[in-house]
Amino acid sequence: MVGAALAQLDRSLKQALPLILTALIALLSVVPLPIPEYAVLAPNLVLICAFYWIVHRPDLFPAWGAFAIGLFDDALSGAPLGLNAFVLLVVHATITGQHKFFRGKAFWLIWASFAVLSAAVAVATLLLVFIVMKVVAAPGLFLAQLGLTIAIYPAAAALLGRIQRLFLPGG
């Protein structure tokens, strides 16, 4: 009886791992670091994590999870409520709509797709922030953040891939 309950708990936690890990990344991404301009230069770690899980384990990262993670990220980061929720829903719909395209593709093609998608997300976010808050971001900071986000994707994907193989075999 206890063994079966523990086995069920283990399965449930493994199935929730992508959402829990992405929420943890959202939480860690707002921790202040003593680096000048870090808040505006910080790579979009939540987007990286969400993209990875939606591409590789869409069964464990549903649309409602993308929405919830986006709202959580909005609340933590001070972004207009619903901005990141909307963005992650669009990312989820885009990737799941093209899921057959991503299956079994070379890493460089997934990385290139991430680069295009993250650029589109960054521009859309800038436009939405301007419309809602009337704030214009400096182009240099915008490009630096986008570049950092794209540049660290391979390392983040390698780490997430290792976690996936360790905790979610047979996906």
Side-chain angles (χ1 to χ4, degrees), residues 13 15-99 101-102 110-157 159-160 163-164:
L13 287 174
Q15 289 177 340
L17 181 67
L19 294 175
I20 292 169
L21 190 58
T22 307
L24 182 61
I25 293 294
L27 188 60
L28 292 175
S29 70
V30 296
V31 171
L33 295 177
I35 300 171
E37 300 295 331
Y38 177 76
V40 292
L41 288 176
N44 193 338
L45 299 174
V46 174
L47 178 64
I48 291 170
C49 205
F51 179 88
Y52 178 86
W53 290 117
I54 297 167
V55 166
H56 296 285
R57 289 304 300 263
D59 57 320
L60 300 180
F61 206 97
W64 66 263
F67 182 78
I69 296 291
L71 281 180
F72 184 61
D73 192 26
D74 289 335
L76 291 173
S77 67
L81 197 59
L83 175 69
N84 289 313
F86 173 73
V87 166
L88 289 182
L89 275 176
V90 170
V91 167
H92 189 277
T94 301
I95 295 169
T96 55
Q98 298 297 317
H99 189 66
F101 169 79
F102 289 108
I110 293 174
W111 187 18
S113 299
F114 173 75
V116 170
L117 187 68
S118 62
V121 162
V123 169
T125 301
L126 278 179
L127 290 172
L128 289 170
V129 166
F130 175 73
I131 290 167
V132 173
M133 300 177 72
K134 306 296 187 243
V135 175
V136 179
L141 294 176
F142 162 75
L143 291 174
Q145 182 187 39
L146 178 60
L148 282 171
T149 300
I150 293 168
I152 68 164
Y153 179 79
L159 178 62
L160 292 169
I163 291 169
Q164 179 183 353

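Just so it is clear, the values below take in all heavy atoms, side chains as well, and ignore hydrogens, waters and symmetry mates.
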Write down the atom of [X], the atom of [Y], and the distance for their closest heavy-atom approach.
X	Y	value
Ile110	His56	CD1-CE1, 4.2 Å
Ala85	Asp74	N-OD2, 3.5 Å
Asn84	Asp73	ND2-OD2, 3.3 Å
Ala63	Leu89	O-CD2, 3.4 Å
Trp111	Ile150	NE1-O, 2.8 Å

Are side-chain heavy atoms of [X] and [Y] found at a separation under 4.5 Å?
X	Y	result
Val132	Leu83	no
Phe101	Ser113	yes
Trp53	Gln164	yes
Leu159	Tyr52	no

Exercise for the section: Measure from the side-chain N and O atoms of His92 to the backbone N and O of Phe67, and report whether any donor-acceptor pair falls under 3.5 Å. Expected result: no
Practice task
Could you tell me how the ring of Tyr153 sits relative to the ring of Phe114: parallel (under 30°), tilted (30 to 60°) or perpendicular (over 60°)?
Solution key: parallel
Problem - Within 6.0 Å of CZ in Phe102, more than 12 heavy atoms from elsewhere - result: yes
